[in-house]
2 protein chains.
Amino acid sequence: MEAAAPGTRGAATAPGRRATIKDVAEAADVSRSTASRALTGRGYVAPAVRDRVRRAAQTLGYVPDAMARNLRQQVSRSIGVLVSDLRNSFYADLASGISGQSRRRGYAMMLADDAGSVEAELEAAETFVALRVAGVILTPLSAEVTEYLGRHRIPVIEVDRQFAEGACDAVVVDNKAAAERVTTGLLQQGHRRVALLIDEMDWTTGRDRLVGYRSAFLAAGLPLDDALVVRGGWDVGAATGVARGLLDGPDRPTAVFAANNVLAEGVWRAAQALGLRVPEDLSLVSFDDAPWMTMVTPGVTAVAQDAVALGEAAVAQMFERIENPGSPKRTVMLSAAVAQRGSTAAPPTA
Amino acid sequence: MEAAAPGTRGAATAPGRRATIKDVAEAADVSRSTASRALTGRGYVAPAVRDRVRRAAQTLGYVPDAMARNLRQQVSRSIGVLVSDLRNSFYADLASGISGQSRRRGYAMMLADDAGSVEAELEAAETFVALRVAGVILTPLSAEVTEYLGRHRIPVIEVDRQFAEGACDAVVVDNKAAAERVTTGLLQQGHRRVALLIDEMDWTTGRDRLVGYRSAFLAAGLPLDDALVVRGGWDVGAATGVARGLLDGPDRPTAVFAANNVLAEGVWRAAQALGLRVPEDLSLVSFDDAPWMTMVTPGVTAVAQDAVALGEAAVAQMFERIENPGSPKRTVMLSAAVAQRGSTAAPPTA
DNA sequence: GCTCGATCTGGAATCGATCCCAGAGCGTCC
DNA sequence: GGACGCTCTGGGATCGATTCCAGATCGAGC
């Protein structure tokens with residue numbers, strides 16, 4: 001879309017129906033072809049005629065029909081975005097980054113969220129195909145969706161997690177490195193019973209965070225205890241319950257590494273409920289920063305994925321793919337910073 | 001879109017280009033008209049032929065082009081949504097509610113955020129017009145955008161706030177009643193110096209919250225002190241600064257009513273920085289709930305607007321408007337609950 | 001004067017789907 | 001047997017824009 005200068009959006013003078021290019025052409029006393037050339041700037045038009053047509057369009061409040069234009073040109077200027085849950089700040093930030101960046105490039109964003117349902121995910125993908133979007137950015141739930149979109153020749157960028165590595169472009173954070181870094185930090189403070197609370201280990205996110213956690217132990221020459229790796233469930237309620245079970249007992253871990261912000265919230269709530277002080281009784285680190293982590297006392301040390309930047313990088317990668325369809329698939333890996341706050345300390349010397 | 005049964009999304013067998021209805025028609029050995037009738041279910045088709053066409057579509061992985069369909073039918077099955085800032089959980093929840101509800105009705109959602117810029121808002125509106133969306137749901141920044149969309153005969157629903165009352169449909173919360181309720185609560189606990197920290201007083205949100213605050217004083221027969229109504233700025237940094245100024249002094253208020261979640265965060269941070277204990281030294285209530293408010297100790301008492309429900313109500317209103325274009329404009333008012341937490345107490349007896 | 005190229009314009013085809021309408025086939029009823 | 005109604009199919013117009021192409025006009029150069 002050509003960005004009209006401020007204040008130039010014309011006043012449609014009470015049209016019974018929307019103005020079409022035919023109306024503009026008639027008003028300017030030229031043919032539809034000429035009107036089109038004048039407005040798009042492609043092809044010859046005499047300057048005087050061009051101005052006349054533009055004025056007419058202006059007066060009529062003409063806005064070209066994107067459907068018709070896209071149909072004719074067989075390209076669309078919108079992208080599809082599919083995330084898991086907008087109420088989770090991680091996905092909201094991601095969408096925000098994508099939105100800003102794609103607007104800057106003149107593309108509109110179709111946003112859908114599958115509420116964790118593979119069927120909803122495929123339905124959204126089908127809608128994107130129907131709308132002939134220029135590309136899709138998604139946080140995949142299944143490998144099928146990428147394959148489906150690929151079959152329809154729609155460029156796909158997987159963000160945050162990947163299914164089949166190398167099957168399509170992807171933008172992810174270096175989960176392993178970041179997980180290893182925070183785990184090593186806990187070990188260096190003297191913790192030995194460090195639990196990992198995790199939601200899944202099938203996607204690259206969970207898998208790599210687990211790998212990072214383990215390699216920190218190996219690097220420190222410390223033994224691994226698989227009983228300390230615990231599945232935490234998908235929502236705060238479940239996570240809180242699991243965390244209570246984990247923390248309620250004599251043999252409890254002295255530190256917990258929560259693999260995402262929902263699980264961290266569960267641990268925090270469980271600690272509160274059990275009267276455990278952070279960090280005196282329990283150290284906590286989180287993968288995924290969240291707004292509340294800077295509000296509580298002490299603040300929660302977290303791997304701060306910049307979700308907005310992740311979204312922006314995904315958009316950049318998508319346009320590179322569109323301009324360059326043949327180039328080999330690429331996985332962009334962003335590093336994540338660790339925001340040190342007050343939620344870790346040496347373990348209690350019980 | 002007809003929801004295909006799971007697993008029925010056909011395999012496009014390596015098409016050089018996407019299958020069109022012409023391809024389906026040829027594969028099923030019928031005309032394009034018949035293929036169309038078979039797939040849409042409108043008009044006569046012999047059952048045997050219908051099945052043959054559907055199988056052909058299946059085999060080819062045919063997905064009808066929404067552009068072409070919309071162009072022909074002059075209606076679209078997508079709605080435009082325009083919010084201020086997705087990173088704010090209020091707007092993200094709103095979008096989430098809209099998304100879920102519109103997906104349920106088979107509509108796609110075009111989402112844009114103006115980053116507080118009126119120009120970006122108008123640009124997004126123009127995109128919505130170009131895409132011929134069925135309707136637009138927005139949290140308006142300017143009166144102009146609603147008027148612009150209205151001129152192009154696009155149904156508009158304003159959510160959260162209204163500009164010209166009655167100019168279009170709207171879904172809002174009862175700001176006045178909720179503000180009055182929480183203010184009255186503070187007065188009943190004995191507070192007299194109750195500050196209102198507010199961002200704007202031009203929109204209905206700010207105006208009504210101010211009105212509610214004032215009428216609580218009037219109802220209690222207490223005098224108003226306009227020096228206690230303070231503008232707090234638009235982001236957390238500014239809000240924190242203003243709150244520090246407000247709370248740093250001998251004559252500081254004993255309670256603060258923050259008119260939104262960003263301002264409440266500013267007050268919370270300022271109180272922390274100044275070493276003020278909540279609620280012993282300072283009571284705090286917020287308009288707008290936010291996730292962190294249940295995470296901190298004590299929890300922050302807040303007017304809990306259900307933003308998801310707000311979004312869902314907006315979608316419902318939009319479809320009512322679409323089905324019933326002539327009916328008088330309607331403003332739906334949702335009441336907001338007050339989530340009582342621990343952030344208020346009787347004022348210090350200094 | 002004639003050719004050639006550049007500039008400029010309008011007619012008509014095109015994108016992919018829907019839908020009106022004419023007409024074929026067939027059964028029923030008077 | 002003929003009129004009528006119902007079922008079913010295909011031809012072709014249509015939505016709104018873009019774009020190819022033919023042709024008109026004009027000025028310059030030989």
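In what follows, chains carry the letters A, B, and so on, assigned in the order in which the sequence lines appear, proteins first and then strands, with residues in each chain numbered from 1.
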K.L.:
To the nearest angstrom, how far is Ile21(A) atom CD1 from dC15(D) atom P?
P.N.:
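Ile21(A) atom CD1 is separated from dC15(D) atom P by 15 Å.
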K.L.:
If I take atom CZ in residue Arg72(B) and atom P in nucleotide dG12(D), what distance separates them, rounded to the nearest angstrom?
P.N.:
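Rounded to the whole Å, the gap is 16 Å.
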K.L.:
If we count only N and O atoms by modelled type, under 3.5 Å, do the side chains of Glu158(B) and Thr139(B) hold a donor and an acceptor together?
P.N.:
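No donor-acceptor contact under 3.5 Å links the two side chains.
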K.L.:
Judged by each residue's nearest nucleotide on DNA chain D, which is more toward the 5′ side, Val30(B) or Ala68(B)?
P.N.:
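Mapping each residue to its closest nucleotide by heavy atoms, the 5'-most match is Val30(B).
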K.L.:
Can you identify which nucleotide, out of dT18(C), dT9(C), dA17(D), has its nearest atom closest to the Ala46(A) side chain?
P.N.:
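The nucleotide sitting nearest to the side chain is dT9(C).
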K.L.:
Look up atom CG in Asp93(A) and atom CD1 in Ile98(A), then write down how far apart they are to the nearest 0.5 Å.
P.N.:
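If we round to the nearest 0.5 Å, Asp93(A):CG and Ile98(A):CD1 are 11.0 Å apart.
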K.L.:
Gln73(B) side chain: which of dT19(D), dC19(C), dA17(C) is closest?
P.N.:
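Selected nucleotide: dC19(C).
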K.L.:
Contact class for Thr20(A) vs. all strands (heavy atom < 4.0 Å): base, sugar-phosphate, or nothing?
P.N.:
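Sugar-phosphate, backbone atoms only, no base.
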K.L.:
Starting at NZ of Lys22(B) and ending at P of dT18(C), how long is that distance when rounded to a whole Å?
P.N.:
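Taking atom P of dT18(C) as the reference, NZ of Lys22(B) is at 16 Å.
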K.L.:
Taking only the side-chain nitrogens and oxygens of Arg42(B), find out if one of them lies under 4.0 Å from OP1 or OP2 of dC19(C).
P.N.:
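Checking Arg42(B) against dC19(C): at least one side-chain N or O falls below 4.0 Å of OP1 or OP2.
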K.L.:
Could you tell me the separation between the CG atom of Asn70(A) and the C1' atom of dT18(D), rounded to a whole number of Å?
P.N.:
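So the two atoms are 12 Å apart, to the nearest Å.
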K.L.:
Within this structure, what is the CE-to-P distance between Met67(B) and dG16(D), rounded to whole angstrom?
P.N.:
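My rounded result for the distance is 16 Å.
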K.L.:
Take atom CG of Asp29(B) and atom C1' of dG10(D), then tell me their distance rounded to the nearest Å.
P.N.:
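Going from CG in Asp29(B) over to C1' in dG10(D) covers 12 Å.
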K.L.:
dT9(D), dT18(C), dC15(D): which one has an atom nearest the side-chain heavy atoms of Leu71(B)?
P.N.:
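Selected nucleotide (nearest to the side chain): dC15(D).
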K.L.:
How about Ser31(B) and Thr34(B): does a side-chain donor come under 3.5 Å of a side-chain acceptor?
P.N.:
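Checked: Ser31(B)/Thr34(B) side chains pair up, N/O donor to acceptor below 3.5 Å.
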K.L.:
For Arg50(A) and dT7(C), what is the distance between atoms CZ and C1' respectively, to the nearest whole Å?
P.N.:
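These atoms are roughly 14 Å apart.
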K.L.:
Side-chain N or O of Tyr44(A) versus OP1/OP2 of dT7(C): is the shortest distance under 4.0 Å?
P.N.:
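Tyr44(A) to dT7(C) OP1/OP2: side-chain N or O found under 4.0 Å.
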K.L.:
Would you please confirm or rule out a distance under 4.0 Å between OP1 or OP2 of dG11(C) and any side-chain N or O of Ser33(A)?
P.N.:
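No, because none of the side-chain N or O atoms of Ser33(A) sits under 4.0 Å from OP1 or OP2 of dG11(C).
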K.L.:
Kindly point out which of dG10(C), dG16(D), dC8(D) is positioned nearest to the side chain of Pro47(B)?
P.N.:
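Among dG10(C), dG16(D), dC8(D), the one nearest the side chain of Pro47(B) is dC8(D).
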K.L.:
Could you tell me if Gln101(A) and Arg104(A) have a donor-acceptor pair between their side chains, going purely by distance under 3.5 Å?
P.N.:
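Per modelled atom types, Arg104(A) and Gln101(A) side chains form a pair under 3.5 Å.
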K.L.:
May I ask you to say what Arg37(A) touches in the nucleic acid, namely base, sugar-phosphate or nothing, with a heavy-atom cut-off under 4.0 Å?
P.N.:
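Here Arg37(A) touches the bases of the nucleic acid.
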K.L.:
For Gln74(A) and dG16(C), is the shortest distance between a side-chain N/O and OP1 or OP2 below 4.0 Å?
P.N.:
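Gln74(A) to dG16(C) OP1/OP2: side-chain N or O found under 4.0 Å.
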K.L.:
To the nearest 0.5 Å, what is the distance between CD on Glu147(A) and CZ on Phe163(A)?
P.N.:
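The CD atom of Glu147(A) sits 13.0 Å away from the CZ atom of Phe163(A).
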K.L.:
To the closest 0.5 Å, what do you measure between CG (Asp169(A)) and CE (Met318(A))?
P.N.:
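It comes to 10.5 Å.
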K.L.:
For dG10(D), does either OP1 or OP2 sit under 4.0 Å from a side-chain N or O belonging to Ser31(B)?
P.N.:
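True: Ser31(B) side-chain N/O within range (under 4.0 Å) of dG10(D) OP1/OP2.
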K.L.:
Think Tyr62(A) has a side-chain N or O under 4.0 angstrom from the OP1 or OP2 of dG16(D)?
P.N.:
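No.
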K.L.:
Roughly how many Å is it from NE2 in His152(B) to C1' in dG16(D), rounded to a whole number?
P.N.:
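Result: 16 Å.
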K.L.:
So, OP1 or OP2 of dA17(D): does either fall under 4.0 Å of a side-chain N or O from Ser36(A)?
P.N.:
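False: Ser36(A) side-chain N/O out of range (4.0 Å or more) of dA17(D) OP1/OP2.
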